[in-house]
Protein chains: 2
Amino acid sequence: MFMPNWESSLNEKNADAGADRRTHLRDRLIDIAQETVAAQGLAGLKARDLAAAAGCALGAIYTAFHDLDELVLRVNARTLARLEAALDAAFVDAEAEQALEAMARAYLSFARKDEPSWRALFEHRLPPGAPVPAWYADARNRLFSRLDAPLAQLLPGRDAMARAALARTLFSAVHGVVALGLEEKIAETPPKLLDEQLGVLIRLLAAGLMMESARLI
Amino acid sequence: MFMPNWESSLNEKNADAGADRRTHLRDRLIDIAQETVAAQGLAGLKARDLAAAAGCALGAIYTAFHDLDELVLRVNARTLARLEAALDAAFVDAEAEQALEAMARAYLSFARKDEPSWRALFEHRLPPGAPVPAWYADARNRLFSRLDAPLAQLLPGRDAMARAALARTLFSAVHGVVALGLEEKIAETPPKLLDEQLGVLIRLLAAGLMMESARLI
DNA sequence: AATTCGGCATGAACATCGTTCATTTTTCGA
DNA sequence: TCGAAAAATGAACGATGTTCATGCCGAATT
């Protein structure tokens with residue numbers, strides 16, 4: 001049968017075995033892959049280099065993961081967690097518009113600071129037909145929910161469903177500006193201009209939201 | 001020396017030789033690659049399959065292009081041209097907000113209809129350090145300028161530079177919503193909801209723009 | 001018309017990937 | 001202590017992009 005059943009199996013089960021000795025192979029591989037992706041991007045992650053850096057055989061990788069894709073998802077999950085933390089740290093409990101702007105700027109800042117890792121979130125594609133693991137989809141969706149509180153403050157009348165959709169839309173809009181702004185394939189946006197345009201976007205959206213909220217009252 | 005000097009060399013120079021007989025190898029390869037990318041995405045483009053489909057030897061590809069990357073850029077340039085045409089067709093010379101919405105919907109429609117080709121525009125990365133050809137950067141920047149007319153109508157006071165930056169920002173925001181909305185890696189957005197959220201985004205941005213314009217008068 | 005010559009096409013060969021699997025080594029409970 | 005199960009090993013496989021010595025063909029020259 002071989003039900004893979006990652007998601008939450010080996011991490012805790014064998015935590016005892018690696019307590020004093022070297023950490024578990026699986027975790028070590030994720031650590032090294034994370035550093036590699038952070039330094040050289042997704043394209044820099046090679047099975048043989050990874051095995052050499054981990055001090056294990058090439059085939060050992062495939063005893064810990066079914067794929068390199070699975071390893072990449074694991075690395076991306078960590079990146080998502082750091083991104084979540086960065087957004088949470090930027091969250092100011094003040095005015096809603098300020099909170100939205102702070103989170104947008106935190107997103108841009110994270111993308112700049114950890115650009116290769118951040119890029120890997122969107123560059124990576126799993127083979128066609130392969131289902132996205134639920135734990136990964138959850139991690140992605142948690143990102144959007146960070147916008148929920150400011151939106152609830154701005155639009156108290158909306159139900160949770162509509163707020164979630166709006167949160168996703170606003171997040172996507174900010175992501176688009178950051179993603180195309182950092183893309184060198186287009187004429188590079190000067191950093192100062194990108195900062196400014198992100199502020200413009202937030203101001204426009206916030207103005208629209210306030211108008212929307214006024215219409216509902 | 002072997003100065004490659006693509007950009008505009010062989011297309012016209014040898015047009016006579018392929019007038020009655022088979023078309024030039026270079027154009028044939030781009031045609032086939034375009035169909036392959038449209039059907040199977042960037043990942044489906046293989047040098048050997050391409051040579052077999054074109055009825056030429058494997059090495060012949062590299063007499064027409066320096067790289068497969070160069071071929072991909074040519075395919076992407078055609079996709080950009082079709083996207084431009086789609087945006088122009090959607091352009092309505094009426095109210096600015098309607099024009100913006102029409103172009104945003106045309107963008108989403110194009111991405112849906114030609115999803116693999118559209119994806120290839122953003123999935124493809126050229127090797128690190130390789131400069132983006134000027135003709136490709138120009139084609140990309142032409143896209144943004146499509147928003148210039150509606151923006152000039154909404155914000156008559158702004159100079160061309162600021163309008164160009166704003167056009168880029170709005171385009172990027174729409175792109176972000178479409179890109180993340182069509183991404184299956186996240187929980188798939190139902191098509192109807194995506195249509196709706198794109199409308200929400202445009203409405204919010206347009207409201208913000210009108211407020212901005214009112215402030216300037 | 002014969003001959004030379006230059007450039008293009010050829011496809012086997014090479015380098016580099018991810019992945020597999022027969023084999024060896026290690027682990028650990030009876 | 002021993003034997004079976006699990007894990008690790010690394011050579012081998014198949015795919016892939018790219019190169020290069022070789023052959024071929026057409027045009028220019030004599």
Side-chain angles (χ1 to χ4, degrees), chain A residues 1-6 9-10 13-14 16-29 32-33 36-37 40-75 123-128 130, chain B residues 1-6 9-10 13-14 16-18 20-29 32-33 36-37 40-75 124-128 130:
Chain A
M1 253 304 181
F2 182 66
M3 288 290 275
N5 186 30
W6 303 117
S9 59
L10 296 181
K13 187 189 295 182
N14 299 38
D16 48 357
D20 56 334
R21 298 186 55 79
R22 66 189 190 184
T23 68
H24 230 40
L25 175 63
R26 183 177 167 86
D27 294 333
R28 218 178 347 143
L29 287 174
I32 296 172
T36 303
V37 170
Q40 313 168 34
L42 252 194
L45 189 66
K46 313 289 165 84
R48 283 167 180 79
D49 295 347
L50 183 64
C56 71
L58 181 56
I61 296 175
Y62 298 89
T63 67
F65 302 96
H66 175 257
D67 261 341
L68 279 198
D69 282 327
E70 188 193 337
L71 173 57
V72 170
L73 285 184
R74 238 62 226 212
V75 170
E123 282 181 9
H124 178 253
R125 316 246 143 237
L126 27 81
Chain B
M1 252 304 181
F2 183 66
M3 286 290 276
N5 185 29
W6 304 118
S9 61
L10 295 182
K13 185 188 297 182
N14 298 39
D16 49 356
D20 55 335
R21 298 186 54 78
R22 65 187 190 185
T23 69
H24 224 40
L25 175 63
R26 185 177 166 84
D27 295 332
R28 217 177 350 140
L29 287 175
I32 296 171
T36 303
V37 169
Q40 313 169 31
L42 253 194
L45 188 67
K46 313 290 166 84
R48 281 166 182 79
D49 296 347
L50 183 64
C56 71
L58 181 57
I61 296 175
Y62 297 90
T63 69
F65 302 97
H66 176 257
D67 262 339
L68 279 197
D69 281 327
E70 188 192 338
L71 174 56
V72 170
L73 285 184
R74 287 297 175 187
V75 171
H124 177 254
R125 315 248 144 236
L126 27 80

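Just so we're clear, the structure is a prediction, and the values are computed from it rather than from any experiment. Each chain gets a letter, A, B and so on, in the order its sequence line appears, and its residues count up from 1.
Nucleotide dT27(C) holds its P atom 13 Å from the NE2 atom of His24(A), rounded to whole Å. Atom CZ of Phe65(A) and atom P of dT20(C) are 15 Å apart (whole Å). Atom P of nucleotide dC8(C) and atom CG of Leu29(B) are separated by 15 Å, given to the nearest angstrom. One atom, CD of Glu70(A), and another, P of dT19(C), lie 11 Å apart when rounded to the nearest Å. Put simply, CD1 on Ile61(A) is 12 Å from P on dT20(C), counting in whole angstrom units.
Considering all non-hydrogen atoms of both residues, Phe65(B) and Arg74(B) come closest at CE2-CG, 4.2 Å. The two residues Leu29(B) and Ile61(B) make their nearest non-hydrogen contact at CD1-CA, 4.0 Å. Smallest separation of non-hydrogen atoms from Glu70(A) and His66(A): OE1-N, 2.8 Å.
For dC8(C), neither phosphate oxygen OP1 nor OP2 lies less than 4.0 angstrom from any side-chain nitrogen or oxygen of Thr63(B).
The shortest distance between side-chain heavy atoms of Leu50(A) and Leu71(A) falls below 4.5 Å. The shortest distance between side-chain heavy atoms of Leu45(B) and Val75(B) does not fall below 4.5 Å.
Partners of Asp69(B) according to the side-chain hydrogen bond (donor to acceptor under 3.5 Å, both in side chains) rule, which considers only residues two or more places apart in sequence or in another chain, are His124(B). Residues meeting the side-chain contact (heavy atoms from CB on, under 4.5 Å) test with Ala130(A), sequence neighbours left out: Leu126(A), Pro127(A). The side-chain contact (heavy atoms from CB on, under 4.5 Å) test applied to Ala43(A) returns no partner, not counting sequence neighbours.
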Would you tabulate the pairs of protein nitrogen or oxygen atoms and nucleotide nitrogen or oxygen atoms of nucleotides 19-22 of chain D closer than 3.5 angstrom?
none

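Among dT18(D), dT19(C), dT9(D), the nucleotide with an atom closest to any side-chain atom of Asp67(A) is dT19(C).
Within a heavy-atom distance below 4.0 Å of DNA chain C, the residues of residues 40-50 of chain A found are Leu45(A), Lys46(A), Ala47(A), Arg48(A).
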